[in-house]
Amino acid sequence: MKYFLYRYKNKIVALLIGCCVLCCCPSALFTNHTSNYNRPKGHKISEEKVLNFPEGFLWGTATASYQVEGGNFSSNWWRFEQKEGAIKNGDSAETAVDHYNRFEEDFDLLKELNLNSYRFSIEWSRIEPEKGKFNVEEVEHYRQVLKALHEKGIEPMVTLWHFSLPIWFEDEGGWESREAINHYEEYVEFIVENLKDEVELWITMNEPMAYITCTYVSAKWAPAKVDFAKVPSVFSNLVKAHKRAYDIIHELDQGAKVGIAEHSSYIVPYNENNILENLGAFLSTYFWVNFPIDQIVNYADFLGIHYYYKQVIRMDLVRDVITKRDPQEIEVESLGRIYHPQGLYEILLRYKKYDLPIYITEIGVPDYHEVDRDQFIREHVRELYYAIREGIDVRGFYYWTLLDCFEWTEGYGPEFGLISVDRDTLERTIKDDAWEYADIAKCNCVGN
Ligand code: FCB
């Protein structure tokens with residue numbers, strides 16, 4: 001048995017990850033449905049009128065370089081975009097929202113919204129457009145970005161890799177190749193050596209499990225080839241790369257705090273008495289949430305958790321024929337996501353066992369008709385308060401995202417921003433429903 005497990009470990013892991021990933025893919029056999037939600041026993045709603053957050057709590061927004069900067073022509077996403085039909089409506093990040101040139105103006109808006117932190121990513125393909133050739137001017141650009149933030153009293157959180165990769169890296173086999181770890185190490189070393197004086201909070205990588213799913217399983221993302229067999233080696237290389245980055249950052253700066261940003265939905269069975277649906281929910285949660293974190297937990301000073309929606313596992317072969325909607329819950333129209341604030345509370349309790357500080361490094365909602373953004377934020381922030389009250393050490397909340405921007409293969413369709421951007425003039429306007437978040441950040445509290 002031991003021999004069998006050892007010999008076939010890669011295949012077994014691939015199969016299990018595949019099953020779970022299928023559970024999590026909206027287009028797969030399993031479909032998402034809503035189900036009733038009851039608060040856990042013992043959970044008491046506070047009587048207080050105002051729920052106060054711990055002093056020094058970070059209220060921020062998050063962005064990713066490829067989605068906002070524009071001009072990232074050495075990125076594999078730029079090459080991918082050129083393929084017909086790759087991006088909805090033929091949209092392109094050629095200019096994106098020109099955050100590369102307008103970051104000062106954007107930080108003024110961030111400040112106007114009373115936010116005290118900003119999570120953004122460094123574009124690897126700008127820093128190292130050709131293998132081994134590091135661009136000093138580009139690192140200087142990011143130094144200016146960091147300086148601008150500090151001048152405005154905004155704490156930066158820097159993501160070293162957020163989905164987009166240099167073209168040469170992809171051509172050398174991307175994360176499939178063992179060399180990837182060395183390449184990533186060199187890049188991380190260069191960045192941290194140059195920017196360590198300006199940054200305390202580092203995120204090594206964004207949502208590795210989502211990256212694996214969208215790249216190798218659903219194959220919606222560059223280079224868009226379904227290849228299940230690659231999943232275990234890519235996963236293992238990403239874990240190693242994270243650990244190396246963690247060590248390098250600490251070697252270069254002992255005061256740094258290093259974490260990873262993980263996608264985490266709240267996954268439940270449609271019917272609590274259905275064994276298969278329970279198993280599906282359990283395995284999906286295990287492989288999406290716990291398994292990846294278990295691998296790196298000794299190499300993290302904090303965890304970055306993303307929460308957008310609930311997923312309900314239903315073994316429904318005749319898709320959508322027997323769909324029941326619970327009127328209490330609302331499905332976000334544009335992306336088929338289920339709005340469920342209490343899920344944030346639930347997932348945070350699951351992270352308690354790791355005994356690490358947590359930042360909600362992404363949470364957000366696109367513009368749509370049924371739930372307003374201000375309601376979305378208010379209700380999730382309340383759930384966050386309840387989790388903190390249960391002893392979960394949450395230190396920051398980063399709304400996704402600052403500006404309406406390029407949403408990967410969805411193009412400019414889903415508009416998650418606190419600020420809208422005119423696609424012709426690139427003029428920015430703070431949305432009405434962003435002010436609720438500004439008020440929360442200002443008083444470091446939320447009304448109950
Ligand atoms: C997250 C990604 C981010 C953005 C939001 C909507 O999973 O990290 O880049 O696409 O979803």
Side-chain angles (χ1 to χ4, degrees), residues 21 24-26 60-70 72 75-78 80-81 86-88 91 93 96-97 99 118-125 157-165 203-215 217-218 220-222 238 242 259-267 288-289 292 303-311 332-339 343-344 347 359-368 371 373 376-377 380 396-421:
V21 149
C24 293
C25 263
T61 63
T63 61
S65 51
Y66 195 81
Q67 296 181 266
V68 291
E69 283 182 351
N72 284 319
S75 157
N76 67 330
W77 266 85
W78 174 250
F80 181 58
E81 269 189 28
I87 313 292
K88 267 197 192 154
D91 285 349
V97 291
H99 182 61
Y118 180 58
R119 172 181 173 228
F120 70 98
S121 74
I122 293 190
E123 180 63 35
W124 183 355
S125 66
M157 177 185 272
V158 174
T159 310
L160 286 157
W161 169 56
H162 193 128
F163 298 156
S164 131
L165 292 163
I203 300 252
T204 56
M205 51 184 74
N206 186 68
E207 298 188 347
M209 294 303 278
Y211 169 79
I212 291 177
T213 312
C214 294
T215 307
V217 182
S218 65
K220 286 194 299 187
W221 288 2
L238 288 172
H242 164 81
I260 192 164
E262 286 283 4
H263 172 94
S264 172
S265 54
Y266 174 52
I267 309 169
W288 262 84
V289 179
L303 295 175
I305 303 299
H306 297 180
Y307 178 71
Y308 284 88
Y309 49 84
K310 171 169 100 169
Q311 284 183 294
V332 176
E333 284 173 15
S334 54
L335 295 179
R337 298 172 157 200
I338 302 171
Y339 165 76
L344 176 63
I347 62 157
Y359 293 85
I360 307 299
T361 36
E362 281 185 32
I363 183 161
V365 69
D367 290 344
Y368 62 100
V371 173
R373 179 167 290 103
F376 177 94
I377 294 176
H380 283 84
F397 179 96
Y398 292 78
Y399 178 81
W400 180 273
T401 180
L402 181 63
L403 306 143
D404 288 343
C405 63
F406 181 78
E407 187 44 52
W408 308 111
T409 48
E410 299 290 323
Y412 294 96
E415 296 174 319
F416 282 84
L418 295 172
I419 297 168
S420 66
V421 180

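Worth saying up front: this structure is predicted, and the values here are computed from it rather than measured. Numbering starts at 1 and runs along the sequence shown. In each ligand, atom 1 is the first atom listed, and ligand 1 is the first ligand listed.
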(request) Determine, considering heavy atoms only, which of Gln67, Glu362, His306 sits nearest to atom 2 (C) of ligand 1. (result) Glu362
(request) State the atoms of ligand 1, each with its element, that fall below the 4.0 Å cut-off from a heavy-atom position in Phe416. (result) 6 (C)
(message) Quick check against the 3.5 Å criterion: does Tyr398 have a side-chain atom that pairs as donor or acceptor with the backbone of Thr63?
(response) no
(request) Using atom types as modelled and distance alone, determine if a side-chain donor or acceptor of Asn206 lies under 3.5 Å from a backbone N or O of Ala261. (result) no
(request) Show which atoms of ligand 1 fall inside a sub-4.0 Å distance from at least one heavy-atom site of Glu207. (result) 1 (C), 2 (C), 7 (O), 8 (O)
(message) I need the contact type for His263 against ligand 1. Using non-hydrogen atoms and a strict under-4.0 Å cut-off, is it side chain, backbone, both or neither?
(response) neither
(request) Locate the shortest heavy-atom distance separating Asp404 from Phe416; write the atom from each residue and the value. (result) OD1-N, 3.6 Å
(message) I'd like to know if the side chain of Ser121 and the backbone of Leu160 have a donor-acceptor N/O pair within less than 3.5 Å.
(response) no
(request) Could you check which of Tyr308, Trp408, Trp400 puts a non-hydrogen atom nearest to atom 11 (O) of ligand 1? (result) Tyr308
(request) Quick one: look at Asn206 and ligand 1, take heavy-atom pairs under 4.0 Å, and tell me if it's side chain, backbone, both or neither. (result) side chain
(message) Among Trp161, Trp221, Trp408, which residue satisfies the ring-ring contact (aromatic ring centres under 6.0 Å, His included) criterion with Tyr211?
(response) Trp161
